[in-house]
Amino acid sequence: MSKPSTKPPSGMRDFLPTEVLRRRHVIELVQRVYEAHGFVPLETPSIENLSTLLGKYGDEGDQLLYRLLHRREALQRPLDRAHAAGRPALEAELADQGLRYDLTVPLARVVAQYGELPRFFKRYQIQPVWRADRPGKGRFREFYQCDVDITGTRSLLADAEVCSAVATVLEQLGFEQFAIRVNHRELLRAVIRAAGIDEALEGTALVAVDKLDKIGEDGVLAELEQRGIASAAGRALLAIIAPTSAGERAGERASDGAQLLATLRAQVDERGQRAVDELQELLSLCAHNPAGQHLEVRPDLARGLGYYTGPIFEITVPDLAGSLGGGGRYDDLVGMFGKKQVPAVGFSLGLERILVVMAEREMFPALSAGPDLMLCWLGVAQPEVVRVATQLRARGLKVEVFPEQAKLGKQLSYADAEGVKAAFAGILGDAELAAGALTVKHLSSGRQQKIPLAELDPARLDALAQDPPTT
RNA sequence: GCGGGUUUAGCUCAGCUGGUUAGAGCGCCUGGUUGUGGUCCAGGAGGUCGUGGGUUCAAAUCCCAUAAUCCGCCCCA
């Protein structure tokens with residue numbers, strides 16, 4: 001038997017301490033901003049019933065679900081049954097649970113389940129999701145999403161709120177150039193109708209349209225034709241969508257967006273016009289929050305997930321092919337769980353996408369995992385070491401004890417080594433013990449001072465670190 | 001799902017057209033004698049060359065397969 005691989009499964013990662021700090025840095029900021037917008041936290045299980053998950057994301061999404069194989073008899077029974085019937089066992093017989101694919105569907109389930117939730121449930125949720133996808137840049141099989149959603153209202157104020165939340169997060173993280181692309185599902189439908197494309201082909205048309213900025217007009221036309229949409233209809237579709245987005249690609253902000261919407265409004269039917277009006281209203285609301293200057297009307301934006309019904313969003317930055325996040329309105333999803341219809345809108349930030357871009361641009365502040373003080377000792381009894389460490393910790397210091405007997409030089413260089421990086425070394429020997437003190441050395445400057453144990457606390461260390469160098 | 005790159009020491013990588021004990025830098029360990037690291041000097045440990053086949057007298061090197069990973073495309077967070 002060969003040795004097992006020590007790598008984590010494909011598309012999944014171990015997070016070493018420095019990585020955890022970076023992730024935590026971002027997550028904590030996201031939490032603060034979401035909470036400042038009045039969202040409350042929710043956590044749901046990693047595993048959901050397949051009946052909850054299936055049929056919400058479209059065929060492609062269903063394919064990407066991780067399913068949990070039945071165990072023991074529950075697995076054996078369908079296998080036997082299939083074997084007896086001389087057929088392969090069906091996926092549906094072998095599993096009825098799977099790992100969650102996103103955080104929106106679990107939210108919808110929760111909203112359908114608990115009647116006691118506030119009428120306007122504003123929840124945020126930061127948890128991993130799983131997709132059996134091919135890994136790529138900024139794309140993993142296990143990744144965190146940071147969702148904010150508001151259920152219970154059709155008011156566009158809610159849409160504006162979730163946009164404000166994510167825009168604030170990105171700004172506070174230090175992103176400057178990002179766009180919140182916005183479109184409307186009903187507008188897309190209307191445009192497709194206006195182009196004379198069969199409703200049945202709406203889905204395929206949307207997929208092609210979504211690629212406009214990647215493969216260009218000719219590419220979309222070719223793809224549309226390939227999918228059975230007449231080139232005349234394809235051209236009509238592009239005539240509505242393309243000139244506007246191509247002509248003003250550089251930066252349609254709220255003001256230009258209004259212009260663009262007016263042009264679109266003139267070309268669609270009444271339902272389409274209502275969608276345009278909604279976008280118009282969203283723009284005017286967001287003009288007064290941090291999202292406003294990042295909103296960009298994109299009539300070619302489609303998005304994959306099946307459940308969107310109204311405005312749809314996607315966040316893009318110049319140097320990443322994919323998106324940093326996305327969202328939209330999904331007024332029918334909660335209703336799919338039976339009981340009552342509950343409208344909802346939400347936005348999801350992809351934690352790893354944000355981290356990838358931040359790492360590339362070196363946007364992280366200095367984050368240190370190391371202890372405040374490494375307790376180095378020599379020639380004293382170990383119980384004394386433990387006692388001093390305990391005392392220092394009680395005074396609010398993060399203290400690590402050098403675990404072995406070793407030369408002082410060894411201990412000091414370890415304290416300052418990569419991956420350890422204690423800010424200070426505390427030297428405990430006979431002299432210090434007798435004096436009830438500790439020789440404290442600031443490792444980056446080399447400055448050191450003998451300080452009585454009773455005076456040692458974070459403030460005292462700070463003072464030592466900031467002392468002007470004495471030469 | 002498609003195309004391309006990469007895979008050699010803990011890390012970053014060299015190893016040309018196949019030829020004896022596979023190298024460097026960094027890191028690590030030991031020492032340069034007493035309680036002062038980040039500089040220097042001297043030593044040292046550490047690799048079944050991703051995995052499995054094949055060609056050959058001989059393979060890290062050539063061929064095939066497979067896996068992991070990265071970069072484009074598709075799709076998505």
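Below, chain A is the first sequence line, B the second, and so on; all start at residue 1.
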Selected nucleotide, minimal atom distance to [X] side chain, candidates [options]:
X        : options             : answer
A:Arg131 : B:A77, B:G37, B:G35 : B:A77
A:Asp416 : B:A77, B:U36, B:G38 : B:G38
A:Thr439 : B:G37, B:G35, B:C2  : B:G35

Determine the interatomic distance between [atom1] on [N] and the same-named atom on [M]; round to the nearest Å.
N     : M     : atom1 : answer
B:G50 : B:C40 : C1'   : 39 Å
B:A45 : B:A22 : P     : 14 Å
B:A24 : B:G43 : P     : 13 Å
B:U33 : B:U69 : C1'   : 49 Å
B:C11 : B:A65 : C1'   : 30 Å
B:G23 : B:A68 : P     : 32 Å
B:U51 : B:U61 : P     : 11 Å
B:A60 : B:U20 : C1'   : 15 Å

Paired and unpaired positions of RNA chain B as dot-bracket, Watson-Crick or G-U wobble under 3.5 Å, | denoting a partner strand: (((((((..((((.....[...)))).(((((.......))))).....(((((..]....))))))))))))....
Side-chain donor/acceptor of A:Gln448 to base of B:U36, under 3.5 Å: yes
Base of B:C76 paired with side chain of A:Arg353 (donor-acceptor, under 3.5 Å): yes
Looking at [Y], is [X] sitting on its ring face, NZ or CZ under 6.0 Å from the six-membered ring centre and within 45 degrees of the normal?
X        : Y        : result
A:Arg23  : A:Tyr144 : yes
A:Lys122 : A:Phe39  : yes
A:Arg181 : A:Phe313 : no
A:Lys56  : A:Phe337 : yes

Given RNA chain B, 5'-ward residue of the pair A:Gly326 and A:Pro135, judged by closest heavy atom: A:Pro135
Toward the 5' end of RNA chain B, by each residue's nearest nucleotide, A:Leu349 or A:Ile427: A:Ile427
Whole Å only: how far is the [atom1] atom of [X] from the [atom2] atom of [N]?
X        : N     : atom1 : atom2 : answer
A:Phe347 : B:C76 : CZ    : P     : 15 Å
A:Lys441 : B:G37 : NZ    : P     : 7 Å
A:Arg13  : B:C70 : CZ    : C1'   : 14 Å
A:Ile312 : B:C76 : CD1   : C1'   : 14 Å
A:Leu438 : B:G35 : CG    : P     : 17 Å
A:Leu408 : B:G35 : CG    : C1'   : 5 Å
A:Glu142 : B:C76 : CD    : P     : 22 Å
A:Leu324 : B:C76 : CG    : P     : 16 Å

Can you see if the side chain of [X] gets near the phosphate of [N] - specifically, an N or O under 4.0 Å from OP1 or OP2?
X        : N     : value
A:Lys407 : B:G32 : yes
A:Lys410 : B:G35 : no
A:Ser10  : B:U69 : yes

Would you classify [X] as touching base, sugar-phosphate or nothing, given that sugar-phosphate means primed atoms plus P, OP1 and OP2, and contacts are heavy atoms under 4.0 Å?
X        : answer
A:Gly419 : nothing
A:Tyr144 : nothing
A:Glu314 : nothing
A:Gly61  : nothing
A:Gly429 : base
A:Ala425 : nothing
A:Leu443 : base

A:Tyr57 and A:Tyr101 aromatic ring geometry - parallel, tilted or perpendicular at 30°/60° bounds: tilted
Under a 3.5 Å threshold, yes or no: a donor from one side chain and an acceptor from the other, between [X] and [Y]?
X        : Y        : answer
A:Gln449 : A:His442 : no
A:Asp149 : A:Tyr330 : yes
A:Gln448 : A:Thr439 : no

Stacking of A:Tyr414 on B:G37 base (centres under 5.5 Å, planes under 30°): no
Cationic N near anionic O, under 4.0 Å, A:Glu352 to A:Arg13: yes
Pair A:Asp133 + A:Arg141, salt bridge at N-O below 4.0 Å: no
